[in-house]
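Just the heavy atoms: all of them, side chains too, but no hydrogens, waters or symmetry mates, feed the values below.
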Amino acid sequence: MVNLKDIRKGSIVIVRGGFGNEAPVKARVDSVQRDIKHGIPGIDYTAITDGDERWAYLEQIERVVMY
């Protein structure tokens, strides 16, 4: 499980969009939020492959590729 201390703006992560239901994508972290929604921590990110900007809960991050 990824924690807030494991990522920062500019980190490269593997994240699953769609509340964890979509295929994993490599993404750059744009911001780290202690409360992205409903008091749950998460990130704003940009998918590297297509430039799609989205947000995700921390639990949707599979792993950190580069801190």
Side-chain angles (χ1 to χ4, degrees):
M1 178 163 160
V2 175
N3 295 306
L4 286 174
K5 65 178 179 56
D6 299 327
I7 56 173
R8 63 181 175 177
K9 181 178 179 178
S11 292
I12 304 298
V13 297
I14 303 298
V15 61
R16 286 182 174 268
F19 300 99
N21 295 317
E22 296 176 2
V25 297
K26 187 183 268 189
R28 183 186 67 249
V29 176
D30 297 324
S31 69
V32 179
Q33 308 287 327
R34 291 194 179 282
D35 178 0
I36 196 84
K37 193 170 182 183
H38 303 300
I40 301 170
I43 61 169
D44 290 306
Y45 68 90
T46 301
I48 291 173
T49 54
D50 63 9
D52 194 18
E53 296 178 349
R54 302 176 76 177
W55 67 272
Y57 293 118
L58 276 189
E59 65 188 30
Q60 291 173 241
I61 301 172
E62 288 191 346
R63 64 186 173 94
V64 178
V65 175
M66 183 185 80
Y67 178 74

Are L4 and I61 connected, step by step, through hydrophobic side chains (Ile, Leu, Val, Met, Phe, Trp, Tyr) whose heavy atoms are closer than 4.5 Å? yes
Expected list for residues 17-26: side-chain donor-acceptor pairs under 3.5 angstrom, two or more places apart:
{"residue": "N21", "atom": "ND2", "partner": "G18", "partner atom": "O", "Å": "3.2"}
{"residue": "E22", "atom": "OE1", "partner": "R54", "partner atom": "NH1", "Å": "2.8"}
{"residue": "E22", "atom": "OE1", "partner": "R54", "partner atom": "NH2", "Å": "3.4"}
{"residue": "E22", "atom": "OE2", "partner": "R54", "partner atom": "NH2", "Å": "3.3"}

My understanding is that only residues two or more places apart in sequence, or in another chain, count here; which of them pass side chain to side chain donor-acceptor pair (under 3.5 Å) with R16? E62
Those residues that, when tested against K9, pass side-chain contact (heavy atoms from CB on, under 4.5 Å) (two or more places apart): none
Contacts of S31 that satisfy side chain to side chain donor-acceptor pair (under 3.5 Å) - sequence neighbours left out: Q33, D44
Going from CE on M66 to OG on S11, what distance comes out if it is rounded to the nearest 0.5 angstrom? 7.0 Å
Quick check: do Y45 and V13 have side-chain heavy atoms less than 4.5 Å from each other? no
For D50, which residues count as a side-chain contact (heavy atoms from CB on, under 4.5 Å) partner, sequence neighbours excluded? A47, D52
Hydrophobic cluster identity match, L58 and V64, side-chain contacts under 4.5 Å: yes
Can you check side-chain contact (heavy atoms from CB on, under 4.5 Å) on I14 and V65, steps first, answer last? CA-CA 7 Å; I14 303 298; V65 175; 3.7 Å; yes
When the side chains of residues 35-43 are checked against the rest of the protein, which donor-acceptor pairs come out under 3.5 Å, sequence neighbours left out?
{"residue": "D35", "atom": "OD1", "partner": "K37", "partner atom": "N", "Å": "3.3"}
{"residue": "D35", "atom": "OD1", "partner": "G39", "partner atom": "N", "Å": "2.8"}

Hydrophobic cluster membership, V15 vs I12, 4.5 Å side-chain cutoff: no
